[in-house]
Protein chains: 2
Amino acid sequence: MAIKRAKTMEDIARLANVSKPTVSRALRNSPLVTEETRRHVLDVATKHGYVINRNAQKLRESRTNTIAVVLDFSSHRENRISDPFIFNLLAGVSEALGQRDQDLLLCSPAHSSVESLGSITTSRGADGIIFLGEGGRRDDLVALAERAVPFVVWGAVEKALPYCAVGSDNFQGGFLAAKHLLDQGRSRFLFIGDTHHAEINLRRQGFIKALSEELGSRAATLMVSDMSLDDFSYSASHRAATEMVEGPGPVPDAIFAASDTAAMAVISAFRAAGLSVPEDVSVVGYNDIPASEHFHPPLTSVRQDVHVAGALLVEKLMLAIEGRSPQSTMLETRLIVRASS
Amino acid sequence: MAIKRAKTMEDIARLANVSKPTVSRALRNSPLVTEETRRHVLDVATKHGYVINRNAQKLRESRTNTIAVVLDFSSHRENRISDPFIFNLLAGVSEALGQRDQDLLLCSPAHSSVESLGSITTSRGADGIIFLGEGGRRDDLVALAERAVPFVVWGAVEKALPYCAVGSDNFQGGFLAAKHLLDQGRSRFLFIGDTHHAEINLRRQGFIKALSEELGSRAATLMVSDMSLDDFSYSASHRAATEMVEGPGPVPDAIFAASDTAAMAVISAFRAAGLSVPEDVSVVGYNDIPASEHFHPPLTSVRQDVHVAGALLVEKLMLAIEGRSPQSTMLETRLIVRASS
DNA sequence: TTGAAAGCGCTAACAC
DNA sequence: GTGTTAGCGCTTTCAA
């Protein structure tokens, strides 16, 4: 087979006996072209399998209609941070972008400094950026906000943020979890999660807040501790929980884990050590992943409505690209109570 | 703030008192430029925060250094088909592409017919395509293979495939599962999975193969049935399993589910109905997701080594783009035996 | 309503 | 080694 050069707009113009600009107009449904010629041009174009060269188009136009999505795989894969949850978020974003006919450029922050992330837009690779999770890079994002680069962030939503963020109400989530555990009459609390992540730190703050409100009434009987790990994968959490149970320290009777995955790991470790859930210890997770409902015992969890989040992120980013300043949004969280607590 | 036009190569050339091509050469570390001028140009460029316009570059060069990755979110999200497993695959691909300095364009097939998928390359949006899962679109892929579009597929690997595929040995996986279940002395077998997907159909074939080999020795005692659902999410599987147990038909004593998620759902439903796993029924899943190890009871599962798969897919696609014809590769599967069987 | 000309920012070919 | 020229495929003036 001979090497076929892809057809250009010029080719189509020649084949249709019109000029290049007319083809361009016809393809973009410009009102400046007769219905008749439009049809004709479109016929010729489809017949010859013509597709427009996106790069030439992007070069010429000011917008690329491409959005960069930054997702830190290295901390999510193998469930290191959390749950398949973030995947649903990506799916939501993908769908919302598809509806607006925007391409999705997926980037790993590992290979890209903030510098180069910012330059994704200046290099015309994309019109804007969506960060799916701020990870431990708050400072970088703040720096980026000064650079007139349109971006939005899924993560912690706080008052003084210099950029637009969408996230669930992490503080409320932690607060609800603590309230619920208090209601079960628990007194030795354990928080599990990587507080270097602002989102997770907020969950912990909400958790602590609810506990300290209670502190007045029965101060001496409350105990709070943290389990800090480099890595909150199933296996690492499981290992740490096993060590805790077998260790000399007091064993908690109420656990709030910042991810369902970690919660399940801990339950599993505790049960293996002969403790019962929820008899000996109540456990609350986060994200309400599908498996939680049918875990043994079914897991109480904080649910964030991620279904709308993707669409919201895209919507706000589009505003930002148009030069407006979209507001941050905090999504409600809800405690789904099941047998584990 | 005044509107700042991004600096072009021409600007940098002027600022550095050299010509445009010299800047271009300096940036690309061409040997055709003095070390001295190179340094000088690079200095000026970084000082002014210059970044090359990727679109202009792509337009000019024949290659875009962008790879389209097609992932059917609609069937994966909310765990409809399977496990977070596919997410790890995406991570692997992302990493491998990053190492080769290739951009990743994420596409949903939902919004794109095969026609338009093929045109991703002709429209110069990407140099090639990686399909993560063939879904039910085998025919489309076969059609695409005739179109001289470089692409590779994660999915079923079969002899007569007109394209390059990488996948685990699904047949072997099913075979191993059946063998193992037979070893447990089981006789009423149930397969769970969407056989419209070629990968999953192969698992079933391997499963059936092992059973029919046994058939000679104790024909009359073997029973095989299928559970077909539109959707193999946790909840749908759970519901179907519950109906099965409560229904009039015979209840299986050995189950092979094409995903761990479905396996867990079924176990949960059976247990809720008063059956014991593995006493009354043995269950084997697929993918060996992290949660499987600590499920109650720990889940026997077929593990596919997905760690290398991403890198392999990328490597083969690069060959395809260079005009070579990479071979398909089948990855070993291994049965991880745990308490559920 | 359509066409001719110019130019987006870059690199390859060729001259010096 | 470096500069000059040309052109990738498209859209946007502007003129007809």
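Quick note on labels: first sequence line is chain A, next is B, and so on, each numbered from 1. In what follows, every heavy atom counts, from backbone to side chain, and hydrogens, waters and symmetry copies are set aside.
Residues satisfying the salt bridge (Lys or Arg N to Asp or Glu O under 4.0 Å) criterion with E36(B), sequence neighbours excluded, are absent altogether. For E61(B), the salt bridge (Lys or Arg N to Asp or Glu O under 4.0 Å) partners two or more places apart in sequence, or in a different chain, are R28(B). Legend: residues meeting side-chain hydrogen bond (donor to acceptor under 3.5 Å, both in side chains) with T66(A), ordered by chain and number and at least two apart, are K58(A). Among residues two or more places apart in sequence or in another chain, the salt bridge (Lys or Arg N to Asp or Glu O under 4.0 Å) test is passed with R25(B) by none. With sequence neighbours excluded, the residues that form a side-chain hydrogen bond (donor to acceptor under 3.5 Å, both in side chains) with T34(A) are T37(A). With sequence neighbours excluded, no residue satisfies salt bridge (Lys or Arg N to Asp or Glu O under 4.0 Å) with R324(B).
Taking only side-chain nitrogens and oxygens, T22(A) comes nearer than 4.0 Å to OP1 or OP2 of dG3(C). At dC10(C), one or more side-chain N or O atoms of Y50(B) fall inside 4.0 Å of OP1 or OP2 (strictly under the cut-off).
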Going by atom type alone, with no hydrogens or angles, which donor-acceptor pairs under 3.5 Å involve a side-chain atom of residues 151-161 of chain B and a protein atom two or more places apart or on another chain?
| from | atom 1 | to | atom 2 | distance (Å) |
| --- | --- | --- | --- | --- |
| E158(B) | OE2 | R138(B) | NH2 | 2.9 |

Name every donor-acceptor pair, under 3.5 Å, that has one atom in a side chain of residues 12-24 of chain B and the other anywhere in the protein, sequence neighbours excluded.
| from | atom 1 | to | atom 2 | distance (Å) |
| --- | --- | --- | --- | --- |
| S19(B) | OG | T22(B) | OG1 | 3.1 |

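Every pair passing side chain to side chain donor-acceptor pair (under 3.5 Å) that includes a residue from residues 310-323 of chain B is listed here, sequence neighbours excluded: K316(B)-T329(B).
DNA chain D is contacted by L32(B), V33(B), T34(B), T37(B) of residues 27-38 of chain B, taking any non-hydrogen atom closer than 4.0 Å. Heavy-atom distances under 4.0 Å link DNA chain D to I52(A), N53(A), A56(A), Q57(A) of residues 51-58 of chain A, given in residue order.
Between the CD atom of E10(B) and the C1' atom of dT5(D) there is a distance of 13 Å, rounded to whole Å.
Among the candidates V149(A), L141(A), V69(A), L317(A), the single residue satisfying the side-chain contact (heavy atoms from CB on, under 4.5 Å) test with I129(A) is V149(A).
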Polar atoms only, N or O, under 3.5 Å: list the protein pairs with nucleotides 4-7 of chain C and their distances.
| from | atom 1 | to | atom 2 | distance (Å) |
| --- | --- | --- | --- | --- |
| dG7(C) | N2 | R60(A) | NH1 | 3.1 |

